[in-house]
Each structure stands twice: as structure tokens, then as C-alpha cells.
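Since the model is a prediction, treat every value here as computed from it, not as a measurement. Sequence positions, counted from 1, serve as the residue numbers for this chain.
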Amino acid sequence: MPSLLSSISDHPVRHILQNTINYLPLSEQVQMLRSTTGAMNDPKLMAKWAKQIVKIAQVNDLELENANAVEIGAGHSLGIAALLLLKNVAKVTAIDVKAYADPSNLDQFLPIIEKGQEIGLLSKAEDVTPSKIEQGLQYSLVKSDGSWDLPAESADLVYSFYSGEHWRSVDQVLAEAYRALKPGGLCIHTIDLRDHYHFHKNWLQFLYYEEWLWEAMSSKRGRWSNRLLSPQWHEKFQKDFDILLFKSFRQSLPDGFDVNKLAAPFQKYDSDVLSVFEVLVVARKPFA
């Protein structure tokens, strides 16, 4: 009986019905109130990711002091931006499709500042008052045509953590990143390639569905993802950027995964590709 109930609750028809309900305006408002995107409730993660950016910038000779940065898809999490500003980045523009976060709530940054000090990202002797965050943090929404409200060649750094898999038009996002970056500017992106409905089960299950069915099941739900695999991401970044690092993180194929159930677009990929659950991309906009 438990397995039957589980099968019913995870049936595509059930997902289609739930997705259809989310097309109603009131349902979308409720979903916005209930959703929690990003990792603002985990200061340790915020500090870890900010420290990773600082390290990658140093390795690739990007001076962060007085730099302008852009975060794509911050969701509710403005902690990375806050820590970078306290590391003397001049400005961070957090860009998203909806106004998830409240940048005026300065108290939310206090635990993140404390964690940044604990891991050595910030010195306890430094001026780490939230007012510095208030002055440098800009919150901006993507325009209706998908463009960003940023001047061309105004950013030194564009980064994202676990938002790339949710980009509806990856080509357009990367085109905007290219436009916004100065020549020689860096992109840093960590992208999760797993099925967000089955993180701890069969995290390749979403590859069973043809495109039309996947859209019918998830197009209006927060766990929708574009289902791009590592070779596709590499190809998209390689088009306009110089790739400095493309790191694939692998794990064993999940229990219950059946290669024979893969939808047509994914049947050409072998286990070496399918085992990649995350990629880290560091790329540079070519110098003129």
C-alpha cells in the first residue's frame, strides 16, 4: 500500500494537475508567499560561497576591491552579495525575475556576517556594519523582454549559485552577462543538474519525460529546471566566453534509475555524462 500511494502521488497526472492550478493568479501569489529560494537560512553556505568567489577571483587576477558585481537569481538569499560588499566590492546588483528578497532588512545579514568572520573571510577588526551593505546593494528585476537594467560593459564579475538550472532562456541570460561584463570580466556559476523533485531518490527521473510532458508537469512550479546536461552547458559557455575552468562533479547513478526509460533527447548520453550532478564554470569575457 505505501508503494502504491507513493506511485500515485508521484504520477505525471498529479504533477500536471498541480502545475495547472498554479496558472491561476491567486495560486501564484500563494506560491510566492510559501516559497523559499536560495540559502539565506544557512549562513554557513552563504559564507562558503562568498569565500569561493574571492578565491576564484584571486586565482584569475580579478581585483574585487571597488569592483562591480552582478548576481543572477539570488532568490531570497542576498548573503553572498552582502559579504562581497564587506570585502570592499563597490556594488553588487542582484537580478531576479521576481522580488523574492527584502534588501532593506539589514538584520538578516547579521548571522551571515558572523559566519563570515568565523571562517576567516572577514576580519573581526574590520568595519562590518550592515550600513555598508545598504549603500552598495542594488536589487533589480529582469525586464519583460528578458534584458537587464544594466549598462553595457559595467560589471567586473557575474556569478550565480544554483540558479542556472532554472534559467528559462539560457542563451539570453548568457548574452546579457556577456553584454554587462567588461572585457576580461569573469563569470562564476555553480549549476545543479539533478531533478529537484527527487534530490535524494532517482535524481535523473526528470529525464524520463519528453519536453511537452515535462513542461505540462512543472512549467509553473518552483522546481522546474531546463534539464541541460554538462556537455550542453560547456557548449553554451564556449560560444562567447573563454572557459577557464569547467569542473564536473560526479556520483554513482541513482538506485532505481532505468536507462531504457530515458526520453528521446537524452538517449544519446552515456553514463559518464549522466553521472554529473553539478558543474562549476569559470569563464572570462575575451579582451577586445
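For Phe199 and His196, the ring centers are positioned less than 6.0 Å apart. The ring of His189 has its center closer than 6.0 angstrom to the ring center of Trp167. A distance of 6.0 Å or more separates the ring centres of Trp224 and Tyr197.
Counting only N and O atoms by type, the side chains of Ser169 and Asp171 include no donor and acceptor under 3.5 Å apart. Looking only at atom types and distance, the side chain of Glu215 has no donor-acceptor partner in the side chain of Tyr209 under 3.5 Å away. Side-chain atoms of Lys91 and Asn66 form no donor-acceptor pair, as typed in the model, at a separation below 3.5 Å. A donor and an acceptor atom, one from each side chain of Arg223 and His166, are nowhere located under 3.5 Å apart.
Taking 4.0 Å as the cut-off between side-chain N and carboxylate O, Asp192 and Arg194 count as a salt-bridged pair. Between Glu65 and Lys87, no side-chain nitrogen of the basic residue sits less than 4.0 Å from a carboxylate oxygen of the acidic one, so the salt-bridge criterion is not met.
If you take OG on Ser147 and CD on Gln172, they are separated by 7.0 Å, rounding to the nearest 0.5 Å. Taking CG from Leu193 and OG from Ser230, the interatomic distance works out to 6.5 Å, rounded to the nearest 0.5 Å. Here CG of Leu137 is found 5.5 Å from CG of Leu78. Values are rounded to the nearest 0.5 Å. One finds the CD1 atom of Ile16 at 9.0 Å from the NE2 atom of His11 (value rounded to the nearest 0.5 Å). The CG atom of Leu181 sits 11.0 Å away from atom CD of Glu176, with the distance rounded to the nearest 0.5 Å. Put simply, CG on Leu274 and CH2 on Trp203 are 8.0 Å apart, with the number rounded to the nearest 0.5 Å.
Checked against Gln205 for a side chain to side chain donor-acceptor pair (under 3.5 Å), the options Asp195, Asp258, Asp10 give a single hit: Asp10.
Looking only at side-chain heavy atoms (C-beta outward), Leu62 and Leu64 come within less than 4.5 Å of each other. Side chains of Pro254 and Leu204 form a contact here, defined as non-hydrogen atoms less than 4.5 Å apart. Counting heavy atoms from C-beta outward, Leu280 and Gln52 have side chains that approach closer than 4.5 Å. Side-chain contact check for Val70 versus Ile95: some heavy-atom pair is nearer than 4.5 Å. Residues Val158 and Leu186 form no side-chain contact, since every pair of their non-hydrogen atoms from C-beta on lies 4.5 Å or further apart. Residues Trp49 and Tyr162 have side chains in contact (heavy-atom distance under 4.5 Å, counting atoms from C-beta outward). Side-chain contact between Leu121 and Val54: present, with at least one pair of heavy atoms (C-beta onward) separated by less than 4.5 Å.
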Task: Derivation of the side chain to side chain donor-acceptor pair (under 3.5 Å) call for His76 and Asp102 - done: CA-CA 8 Å; His76 291 89; Asp102 178 11; over 6 Å; no
TODO: Test side chain to side chain contact (heavy atoms under 4.5 Å, CB included) on Arg284 and Asn60 and set out the steps.
DONE: CA-CA 9 Å; Arg284 192 188 301 278; Asn60 292 283; 3.8 Å; yes
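Panel note: side chain Asn68, backbone Asp156; no donor-acceptor pair is recorded below 3.5 Å. The closest donor-acceptor contact from the side chain of Asp96 to the backbone of Ala99 lies at 3.5 Å or more, if one exists at all. Judged by distance alone, the side chain of Gln108 and the main-chain N or O of Asn105 form a donor-acceptor pair under 3.5 Å. For Ser163 (side chain) and Ser160 (main-chain N/O), no donor-acceptor pair under 3.5 Å exists by modelled atom type. The main-chain N or O of Leu229 is found under 3.5 Å from a side-chain atom of Gln232 such that the two form a donor-acceptor pair. Distance alone, capped at 3.5 Å, is enough to place a donor-acceptor pair between the Asn226 side chain and the Glu165 backbone.
No continuous path of ILVMFWY side-chain contacts below 4.5 Å connects Phe237 to Val282, so the two sit in separate hydrophobic clusters.
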Please output the side-chain donor-acceptor pairs of residues 238-253 that fall under 3.5 Å, not counting sequence neighbours, one pair per line with the distance.
unit_1, atom_1, unit_2, atom_2, d
Arg250, NE, Asp272, O, 3.1
Arg250, NE, Asp272, OD1, 3.3
Arg250, NH2, Asp272, OD2, 3.3

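Phe257 pairs by the ring pair (Phe, Tyr, Trp, His ring centres under 6.0 Å) definition with nothing, not counting sequence neighbours.
The environment of NZ in Lys48 is sparse: at most 12 heavy-atom neighbours from other residues, nucleotides or ligands sit within 6.0 Å.
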